[in-house]
Trainee: 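Handing you this structure, nothing more for now.
FYI, side chains are in, hydrogens and waters are out, and symmetry mates aren't considered; it's all heavy atoms of this structure. Here is how names work: the chains are called A, B, and so on, in the same order as the sequence lines, proteins then strands, and each is numbered from 1.
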Number of protein chains: 2
Amino acid sequence: MNAISTYTTILETSYRLFAEHGFDKTSMTMIAKEVGLSKPALYYHFSSKEAIIQTLFEELCKSIGFSSFFRIEAYTKDNFEETFIADGLQIIHKQQTDMYYSRILNQYQALGYRDPAYSLKLVQILEGFTAGFAELLAHGVSIGAIAALDVLTKAQMLTMIIDSMDNFMSYGLTYSYENIWTTAVKSLIKGDPA
Amino acid sequence: MNAISTYTTILETSYRLFAEHGFDKTSMTMIAKEVGLSKPALYYHFSSKEAIIQTLFEELCKSIGFSSFFRIEAYTKDNFEETFIADGLQIIHKQQTDMYYSRILNQYQALGYRDPAYSLKLVQILEGFTAGFAELLAHGVSIGAIAALDVLTKAQMLTMIIDSMDNFMSYGLTYSYENIWTTAVKSLIKGDPA
DNA sequence: GTCTATACGAGGATAGAC
DNA sequence: GTCTATCCTCGTATAGAC
C-alpha cells in the first residue's frame, strides 16, 4: 500500500489531464500511462471514463458552495462591508491557487448541456450564491448596515461578478480582481440604512 | 444550384449539431447524414472537421463585438443612462433569439485552452468590451453626464455582467436580465458629475 | 459535386493469467 | 491489483467512379 493510494493518484492525474486536454481528448490510455499503470489496472479502479468524470465532479461540488466562503453569523453593523469584501476575496484567492479549476468547471458546464445531472447541480450552486447573497443583504438591512433596495437583483449581480471573475481568470486575464470585487460590493451595498 | 447553397447548409447544420452534442461528439458522419450528403461530399466542401469549426468561429466573431451594440456618438448628457441601458439590452435580446450561441461560445472557450488562436480572439473581444465601456464612461464624464470615479474598474464590471448573463442564460436560468442590467448601469454610473 | 467502398488509427472496454 | 493481448466500434479521411 502506498501512502498515496492508486485511487487518489488516478483522480489527481485525471484532473490535471482533463484540465489540460479536455475530457474528450484525454483517453484512458493517456491516464493509465501518466499514472504508470496498464489500462486494465485503471479499469479495475474505475469502471469507465465517465466514472472518473463523475467522481471528480462530486469532489469538486463539495468545496465550492456559498457557505464555504460566507459566514453570515459573523456579520455585524460595524464590520458588514469589510467582511463582505474579505469573504469574497477568499474565492478569488482559492481560484488563484488552482489554475485548473475554472477549465474543469467550464467542461462540466458543457457536459450539463447534454446531461441534466451536471447542469442541475451547477445551477444549484449558482442559485445557492444568489440566495446566500440575498440572505446576507437582507441581514445587512435588518441590522441597519445597508439600505433595503433591489436586494434580489443585487444578489444576482454579485453572483454574476463571482462567476465571471472565475471565467476571466481562466482566460489568463490579469485584471485587478480584488479591486473589482471591492468596488462591486461598495457600489452595490452602499446607501444609507432605511 | 439551390437557393441555399450546400456550403451554407453545412455550416448551419454543423452549428446546431455542435451546440446540441458538442464538437467532439458530433462526427462528420452525423453532419453528412443530417445535411443529406455522403461523407466524401462533405469533405469536398470542408477539408476537415476543424475547418468547419474554424469557419464557424470566424462568422461568430464578426457579430459580437462591442461596437455592434454600443454607438458612442449617440450618447448625450440627457440620454446617457437610458441609451446605455437600451444598448445593453440589445445584447440580451440577441442572445435570447439564438439559444445555441452561448453553448457554442463555451466550447470555443474550451478550445482556447489548447489553441491560442481561439483564446486570443475571445480575449480580444472581451477586452474590446472593457475598452469600449471605459471609453463610453469617459465620454460620459467629459459631457458631464456622470462622475469620474473608478472608470476602468466599472468598465470591467460591466463586461463581467454581460459575460455572465450570457452564461446564466445558457443554463436556462430565467432571471430578469433586463432588470439586472438596468440596475447594474444605474448602480455603477450614478453619482453627480464632478 | 456527389457517390460507393475502404483504409487506417484510436478509443473504450474485456478475457484470462499471475 | 496488476499485467499482456485482444476485441469491437467508430472516427477521420481518401481512392476512384459517375
Trainee: Between Tyr113(B) and Ser170(A), does any side-chain donor sit less than 3.5 Å from a side-chain acceptor?
Mentor: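 Yes, Ser170(A) and Tyr113(B) have a side-chain donor paired with an acceptor closer than 3.5 Å.
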Trainee: Closer than 4.0 Å, any side-chain N/O of Tyr44(A) to the OP1 or OP2 of dG1(D)?
Mentor: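 Looking at the OP1 and OP2 atoms of dG1(D), one of them is under 4.0 Å from a side-chain N or O of Tyr44(A).
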Trainee: Classify every nucleotide of nucleotides 12-18 of chain D by which part a protein heavy atom approaches to under 4.0 Å, writing B for the base, S for the sugar-phosphate alone and - for neither, in 5'-to-3' order.
Mentor: BBBB---
Trainee: Under a plain distance cut-off of 3.5 Å, with no hydrogens placed, do Ser164(A) and Asn167(A) share a side-chain donor-acceptor pair?
Mentor: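 Absent: no donor and acceptor within the cut-off.
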Trainee: What residue pairs, at least two apart or across chains, pass side-chain hydrogen bond (donor to acceptor under 3.5 Å, both in side chains) with a residue in residues 138-152 of chain B?
Mentor: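 side-chain hydrogen bond (donor to acceptor under 3.5 Å, both in side chains) check on residues 138-152 of chain B returns no pairs.
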Trainee: Scan side-chain atoms only and decide if Asp87(A) and Tyr75(A) contain a donor-acceptor pair under the 3.5 Å cut-off.
Mentor: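 Note: Asp87(A) and Tyr75(A) side chains meet the donor-acceptor criterion.
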Trainee: Consider only side-chain N and O atoms of Ser5(A) and Thr8(A), and report whether a donor and an acceptor are under 3.5 Å apart.
Mentor: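 Distance-only check passes for Ser5(A) and Thr8(A).
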Trainee: Of all residues at least two apart in sequence or in a different chain, which pass the side chain to side chain donor-acceptor pair (under 3.5 Å) check with Lys33(A)?
Mentor: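 For Lys33(A) there are no side chain to side chain donor-acceptor pair (under 3.5 Å) partners, ignoring immediate neighbours.
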Trainee: When the distance from CD1 of Ile53(A) to P of dG11(C) is rounded to whole Å, what number comes out?
Mentor: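 Distance check: Ile53(A) CD1 to dG11(C) P gives 14 Å.
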Trainee: Check the distance between dA10(C)'s P and Lys33(A)'s NZ and give it to me in whole angstrom.
Mentor: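 Taking atom P of dA10(C) as the reference, NZ of Lys33(A) is at 10 Å.
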Trainee: How close or far is atom C1' of dG11(D) from atom NZ of Lys25(A), stated in whole angstroms?
Mentor: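 Lys25(A) atom NZ is separated from dG11(D) atom C1' by 11 Å.
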Trainee: In whole Å, I'd like the distance from the NE2 atom of His45(A) to the P atom of dG1(D).
Mentor: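 For the pair His45(A) NE2 and dG1(D) P, the rounded distance is 6 Å.
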